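In this text the structure is predicted, and so the values were computed from the model without any measurement. Just so it is clear: chains get the letters A, B, ... in the order the sequence lines come, proteins before strands, and each one is counted from 1.
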Protein chains: 2
Amino acid sequence: MDVQRLELLRELADRGSVTAVALATHRTPSAVSQQLKVLEREAGLPLTQRQGRGLVLTDAGRSLARSATDVAVSLAKATALWDEFRNNATGDVSLVTFPTAGQMLLPGVIKNLQPGLVLNCADEDPELSDFPAFTAEYDIVLAHSMSGQLSWAGRGLTVVPLMTEPLDVGLPVGHPLADRAWVGPRDLIGETWIGVTDGYPFERILHAIEQEAGAHLSMSQRFADLALIESFVIAGLGIALVPRYTSGGGQPGRLVLKPLRGIESERQIVALMRPDRAERLAVRTVINLLRAEAAQVQQSHSAPH
Amino acid sequence: MDVQRLELLRELADRGSVTAVALATHRTPSAVSQQLKVLEREAGLPLTQRQGRGLVLTDAGRSLARSATDVAVSLAKATALWDEFRNNATGDVSLVTFPTAGQMLLPGVIKNLQPGLVLNCADEDPELSDFPAFTAEYDIVLAHSMSGQLSWAGRGLTVVPLMTEPLDVGLPVGHPLADRAWVGPRDLIGETWIGVTDGYPFERILHAIEQEAGAHLSMSQRFADLALIESFVIAGLGIALVPRYTSGGGQPGRLVLKPLRGIESERQIVALMRPDRAERLAVRTVINLLRAEAAQVQQSHSAPH
DNA sequence: ACGTCCATGTAGCCAACCTACACAATGCAT
DNA sequence: ATGCATTGTGTAGGTTGGCTACATGGACGT
């Protein structure tokens with residue numbers, strides 16, 4: 001019973017096609033196919049099944065792939081263990097993030113990286129992409145969700161919460177509500193909103209405000225880019241829900257943030273990983289840096305408040 | 001990072017010498033030595049260390065060997081999983097036991113073995129041998145100990161309790177105490193005892209009786225074989241502590257058993273296994289049969305009582 | 001019907017691992 | 001003290017297992 005073959009089966013479960021597995025593991029599709037065939041013969045029962053021109057796992061195959069994850073995890077723990085003995089959190093770690101989290105956390109993390117530890121970052125649009133799926137490609141995936149709602153549950157991924165970021169109401173300077181300490185849902189009736197495109201977590205909060213205030217909110221625009229939304233708010237074209245720690249980066253002092261009371265208004269920023277990758281010492285080190293950075297961001301915003 | 005090499009390291013931790021590992025894994029010592037050398041180079045730090053003409057593990061080596069066990073366990077779980085899919089608890093299982101447990105449990109177990117599942121049994125003298133060490137050689141090791149006292153703790157072995165067997169006072173027919181329902185420590189003052197050789201669990205109970213009764217017990221003989229002890233008791237040469245379920249096999253009706261009150265007088269019979277072997281479906285099946293048989297033995301003795 | 005995309009066979013090459021044998025070091029016995 | 005057995009380790013060579021390159025056979029879309 002060979003671990004490499006089990007790993008191949010697990011990759012197939014994650015990526016869905018022999019060719020994709022071959023690409024990811026730097027092999028030819030033929031090699032992958034052969035190894036899977038050997039695994040099937042060893043198992044004595046079909047693990048895969050042709051479907052169209054592709055290949056899908058049988059129940060037995062899926063089940064075996066799951067336990068292959070356990071093997072990979074314990075193996076990763078072993079390597080992490082001797083990395084610790086060598087005190088050697090070295091190597092490459094890859095990371096994807098949605099833009100605002102990257103802007104908020106990554107510069108501080110990269111500054112504190114110890115020598116020999118390389119962090120390769122990329123960003124993706126959370127609206128267009130299935131973020132959990134990136135765990136096949138990247139070691140760490142920074143994703144966000146509304147509090148409580150975990151869209152990536154049940155995929156067998158390791159989830160590390162990094163921080164919860166409040167979503168405030170962004171107002172232009174001079175707005176009638178700008179001198180208030182906080183605002184409630186009823187204060188917001190009649191305002192014009194700059195919204196975000198569908199799928200963003202902000203969407204749900206706006207619906208909650210509508211329910212609580214008992215009125216329909218008028219939505220003038222829908223943008224995906226936060227800086228664009230802020231520029232509209234500053235220009236007095238409406239108000240918007242903006243994440244507290246990442247807003248105002250472009251034009252500081254021109255945007256006023258007010259906490260929203262009466263409604264749970266925050267997003268959770270988490271790190272997603274495949275369980276085996278989460279065990280790597282280098283990855284764990286980066287995660288610790290991310291958590292430290294997140295804590296510092298939160299503290300620096302709460303102290304002067 | 002190769003699993004086979006890790007496995008070799010773990011075998012070395014268990015068996016203590018390269019030659020023994022080579023013998024156990026059907027390889028030449030040279031092959032083992034080479035693989036360990038590769039593993040060390042991969043790890044980047046010394047895992048073994050010469051001591052005399054032998055070889056011992058360093059701290060790092062021991063630590064890595066421990067995590068190698070986790071790998072082996074998850075791997076065994078995977079194979080057990082697909083064995084379950086095939087509904088195929090087949091293969092060979094090896095077992096050592098001390099004589100009385102084997103006499104009590106094994107015939108019933110072997111009768112109930114499903115076809116294709118082969119159980120190879122052997123017996124060893126618990127006094128002469130280090131039973132936990134047999135887990136390197138056999139899949140299942142049946143051992144006994146006093147209640148609570150687990151001499152094999154901390155070796156990273158899987159322990160499955162099978163039953164607790166009371167130790168009764170064995171008397172010849174016609175003995176003054178033979179019509180009592182039970183006996184206490186003070187009743188036993190002045191009796192002549194047939195003891196067992198050092199190291200047996202019975203030893204400790206006799207000391208406890210001495211303490212409780214406040215008198216010294218006279219010990220006339222010391223034997224290792226239970227049947228021999230019983231024959232002495234029957235002959236009126238003394239009394240002895242005998243396990244309730246396994247005594248009287250040779251000459252039924254000639255030996256009277258009385259429960260001992262006031263002193264915790266029982267031995268625990270357990271199965272010891274290396275954790276990875278414990279995960280094998282065939283092994284788990286045998287363990288279940290052992291537990292069922294043990295329960296039945298206990299029940300059949302308590303019902304007519 | 002054709003081209004494309006996917007999985008899978010076949011032949012051959014290469015590397016990893018093992019055996020066989022030799023050798024150094026250590027401990028035990030006479 | 002001096003053999004002698006035992007232990008671990010090097011070196012040379014053979015065998016096997018897994019990979020690549022290329023060809024084949026279905027399945028889908030146009």
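A 4.0 Å heavy-atom criterion places the boundary nucleotides of DNA chain C facing chain A at dT4(C) to dT10(C), written 5' to 3'.
Residue E40(B) contributes atom CD, which lies 15 Å from atom C1' of dG10(D) at whole-angstrom precision. Rounding to whole angstrom units, CD of residue E42(A) and C1' of dG18(D) are separated by 13 Å.
To the nearest 0.5 Å, atoms OG1 (T25(A)) and CG (L8(A)) are separated by 5.5 Å.
For the pair E124(B)/F134(B), a side-chain contact is recorded, criterion being any heavy-atom separation below 4.5 Å from C-beta on. Between F85(A) and L45(B), the closest side-chain pair of non-hydrogen atoms falls below 4.5 Å. Residues E84(B) and L281(B) form a side-chain contact, since some pair of their non-hydrogen atoms from C-beta on lies under 4.5 Å apart. Counting heavy atoms from C-beta on, the side chains of L106(A) and T97(A) come closer than 4.5 Å.
Residues T90(A) and A282(A) share a closest heavy-atom pair of O-CB, 3.7 Å. Between R284(B) and E279(B), the shortest heavy-atom contact is NH1-O, 3.3 Å. L12(B) and S17(B) get closest at one heavy-atom pair: CD1-C, 3.6 Å.
Listed in residue order, the members of residues 54-69 of chain A having a heavy atom less than 4.0 Å from DNA chain D come to none. Contact check of residues 45-53 of chain B against DNA chain C (heavy atom, cut-off under 4.0 Å) returns G52(B), R53(B). For the segment residues 30-39 of chain B, the set of residues with a heavy atom within less than 4.0 Å of an atom of DNA chain D comprises S30(B), S33(B), Q34(B), K37(B), in numerical order. The stretch residues 6-27 of chain A comes close to DNA chain C through S17(A), V18(A), T19(A), each having a heavy atom under 4.0 Å from the strand.
Shown here are the side chain to side chain donor-acceptor pair (under 3.5 Å) partners of D59(B), two or more places apart in sequence or in another chain: R62(B).
By the neighbour-count criterion of 12 heavy atoms within 6.0 Å, atom CD of E137(B) is sparsely surrounded, having that number or fewer from other residues, nucleotides or ligands. Within 6.0 Å of atom CD in Q4(A), 12 or fewer heavy atoms from other residues, nucleotides or ligands are found, so the atom counts as exposed in its surroundings.
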Quick one: do R267(B) and T100(B) satisfy side-chain contact (heavy atoms from CB on, under 4.5 Å)? Show the steps, please.
CA-CA 12 Å; R267(B) 64 172 181 179; T100(B) 52; 3.0 Å; yes
Between V96(B) and L142(B), is a side-chain contact (heavy atoms from CB on, under 4.5 Å) present by the stated rule, with each step listed?
CA-CA 6 Å; V96(B) 238; L142(B) 298 187; over 6 Å; no
Between D276(B) and E7(B), is the side-chain contact (heavy atoms from CB on, under 4.5 Å) condition met? List the steps.
CA-CA 11 Å; D276(B) 54 325; E7(B) 197 61 24; 4.3 Å; yes
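Using a cut-off of 4.0 Å between Lys/Arg side-chain N and Asp/Glu carboxylate O, D139(A) and R274(A) are scored as not salt-bridged.
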